[in-house]
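Numbers for residues simply follow the sequence, beginning at 1. Note that these values count all heavy atoms, side chains included, but never hydrogens, waters or copies made by symmetry. Keep in mind that what you see is a predicted model, and the values were worked out from it rather than measured.
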Amino acid sequence: MPEIPLTRVVSVTSADPRHPAENLLQPDGGGRWRSAAAGEKQISVVLELPGDRPIHSLHIGNDGSAFVEVLVGTGAGGDFQVLLPTAAFMSPSESRAGEGAGLRRVRMFGPETLVKGVVGRGWDRLRLVCSQPYCQ
């Protein structure tokens with residue numbers, strides 16, 4: 001499947017000025033998005049896709065979140081729907097340890113992992129919700 005480009009950041013709950021959410025628009029540049037303050041338990045960003053695009057799989061790089069959830073929606077409105085239920089990226093012990101192998105993990109989620117009935121339909125909004133309840 002071809003990669004779907006991200007066109008813009010629609011909204012963001014928190015962002016460090018040195019690591020803004022706009023870095024997600026250029027994933028090959030190695031840019032990271034981080035919260036404005038250390039210890040925030042949950043942050044989210046809504047990203048725009050170019051037109052209605054079916055999503056069949058996700059390739060997510062992590063930068064310190066214990067959990068990531070992905071929801072999809074449309075610019076026309078309505079509620080976001082869960083595409084990827086909350087997925088663990090770090091264990092509690094990895095989270096508390098800080099720097100290490102688990103901090104920057106990449107995972108791929110295929111159609112078998114995504115919510116049936118939502119996967120493969122056309123969407124133009126993606127909401128990423130990152131949580132880190134284990135450390136400050």
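Atoms CG and CG, on Leu47 and Leu126 in that order, are 6.0 Å from each other to the nearest 0.5 Å. Between the CH2 atom of Trp33 and the CG atom of Leu128 there is a distance of 6.5 Å, given to the nearest 0.5 Å.
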* Given the rule in the side-chain contact (heavy atoms from CB on, under 4.5 Å) test, do Asn62 and Val106 qualify, once you have shown the distances and angles that lead to the verdict? -> CA-CA 6 Å; Asn62 184 38; Val106 176; over 6 Å; no
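Residues Gln132 and Met90 meet the side-chain proximity criterion, which asks for heavy atoms closer than 4.5 Å. By the 4.5 Å heavy-atom criterion applied to side chains, Pro92 and Tyr134 are counted as neighbours. Residues Trp123 and Val118 have side chains in contact (heavy-atom distance under 4.5 Å, counting atoms from C-beta outward). Looking at Ile60 and Arg107, their side chains never come closer than 4.5 Å, going by heavy atoms from C-beta outward. For the pair Cys130 and Phe89, the minimum side-chain heavy-atom distance is 4.5 Å or more. Proximity of Val119 to Ser57: side-chain heavy atoms (C-beta onward) are nowhere separated by under 4.5 Å. Counting heavy atoms from C-beta outward, Leu24 and Val9 have side chains that stay 4.5 Å or more apart. Proximity of Ile55 to Val70: side-chain heavy atoms (C-beta onward) are nowhere separated by under 4.5 Å.
Side-chain N or O atoms of Arg125 include none that pairs as donor or acceptor with a backbone N or O of Ala76 at under 3.5 Å. Between the Ser35 side chain and the Ser14 main chain, no donor and acceptor come within less than 3.5 Å of each other. Within the 3.5 Å criterion, the main-chain N or O of Ser44 finds a donor-acceptor partner in the side chain of Thr13. Looking at Glu69, its side chain never comes within 3.5 Å of a backbone N or O of Val82 through a donor-acceptor pair. Between the side chain of Arg34 and the backbone N or O of Asp16 there is no donor-acceptor pair closer than 3.5 Å.
Judged purely by distance below 3.5 Å, without hydrogens or angles, the side chains of Gln42 and Ser131 pair a donor atom with an acceptor atom.
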